[in-house]
Amino acid sequence: MAAIMIQGCGSDVGKSVLVAGLCRLFTRRGLTVRPFKPQNMSNNAAVTAPDSEGRIGEIGRAQALQAMACRTPPTVDMNPVLLKPQSDTGAQLVVRGQVRGNWKARGYQDHKAALLDVVLESFRKLEAEADLVIIEGAGSPAEINLRDGDIANMGFALAANVPVILIGDIDRGHVIAALVGAHNVLEDDDRDAIKGFMINKFRGDPQLFDEGRKQICARTGWPDIGMVPWLYESALLPAEDAVVLQSTLSAASDRKLRISVPMLSRIANFDDFDPLRHEPLIDLDFIPPGQVIPVDTDLIIIPGTKATLADLAFLKAQGWDIDILSHARRGGRVMGICGGYQMLGRMIHDPAGSEGIAGSANGLGLLDVETCLEGDKTLKSVAGTLGPSGPAFTGYEIHIGKTTGADTQNPAAFIDGQPQGAINPDGRISGLYVHGLFDKSEARQALLPELTGQTVSVDQSQRVDEALDRIAEALERHLDIATLSKIAGLS
């Protein structure tokens, strides 16, 4: 079967978007395409479709997006190894969609080679069902200090015998040095696996870099597959790295509704807020550490997190607990999603240290509920209504723990006829475990009554699907698809 691997000269060079665009491009040509990323590190995860045995797992959000680009449901084989950071030195290890425990960075580096067989088995499954598999690397193959035991870049490429295209990000500058430097530091076998290069994120007159591209070809011997312009449509796609949130602060003064989201240190599933960014009457602010939550905020949403107790302590260290409680006393609304829902309660208990160090902590006390982080992780796609007969929504749950208490008697939603979440007696404080609540326009309007009759009547899934088509069309124009197809083994 045909396959090709997209690697980059560094993180955040646009690999995920390019893979998604290529997945859609070849799918539009009538091929059965599958995305694959051997190892990912992200707290922005997605729930998969059930496998042949009915098991549901979690994979990186980027691979779920790439599955959407292929017009196929996401499966655990598309991202068999997922690391979800819980601290600066440790992460939860997810293998084939299921939690395998918590690892320190040094310990994982010593044992990751043992996962190569798992990665190759997942890849072979996808290869057997597809005409083409498009693989995304992680970080950079030029990080030669991580080469021993590698399963994310060249270690996988050589083991699976797949050709590599290396991406350089010209928006960062020094793209010639990045590509030529990678060529110089790689070992012969790794260097030989690279069959071409692309330049990504170019702005301006492309002819101005013609000589630069010739120099890269001359100094590396790699074919030039093309130069991709800045893809503005990529802003419509769910991001995988919370770094993008740092540039989304808005200074709009003519908006009708101001929403503030504190940027927790282990913020997770932050694409929950993507639909709100595209509402013209919403001023959506992600509040970075060290800044206060603006007093003119109408709604504070506490997002999901990979480490609830640790991020509750982080929230308090920023003084955001004071801001949130003051906002609530003034009659402002507060909403919590997943870990944010847990923080709104009276207490959180983690008796076994499932998300880090075992212990308990006082929550914000805005909801009369209490959470215990124990038991198996909940992973499921859901559909329900807001209230017993409100507008419909679809989404997913991905969390550990159970929340109980008096305010759950006034649920925020119903899923398969069962209550979920909680609302306080005056209706201003609410929380629930569902991600994706704002995706559908009717649910968005019900959750944000200030926008009644004025919301954008586009569901987020439609917006993303249309953006994928436009990105695919741009890649058709700017890349040498014939050469890329030949390298992949399609012709």
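This one's a predicted model, so the numbers in the text were calculated from it and none came from an experiment.
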Would you call Arg71-Asp469 a salt bridge at under 4.0 Å N-O? yes
Kindly give the heavy-atom pair with the smallest separation between Ala45 and Arg61, and that separation in Å. O-NH2, 3.6 Å
Arg428 side-chain N/O to Gly332 backbone N/O, donor-acceptor pair under 3.5 Å: yes
Counting the benzene-type ring for Trp, do Phe414 and Phe393 have ring centres under 6.0 Å apart? no
Counting only heavy atoms not in Asp376 (residues, nucleotides, ligands), do more than 12 fall under 6.0 Å from its CG? no
Under 3.5 Å donor-acceptor, Asn424 side chain and Gly427 backbone: yes
May I ask you to say whether Asp459 pairs ionically with Lys440, meaning some side-chain N is under 4.0 Å from a carboxylate O? yes
How far apart are the closest heavy atoms of Ile429 and Asp426, and which atoms are they? N-OD1, 4.4 Å
Closest heavy-atom contact between Val76 and Ile59? CA-CG2, 3.8 Å
Heavy-atom count check: over 12 atoms from other residues, nucleotides or ligands less than 6.0 Å from Asp416 CG? no
Do Gln63 and Glu136 have a side chain donor and acceptor closer than 3.5 Å? yes
Assess the pair Phe273 and Phe286: is the distance between their ring centroids shorter than 6.0 Å? yes
Are side-chain N/O atoms of Thr371 and Tyr341 paired as donor and acceptor at under 3.5 Å? no
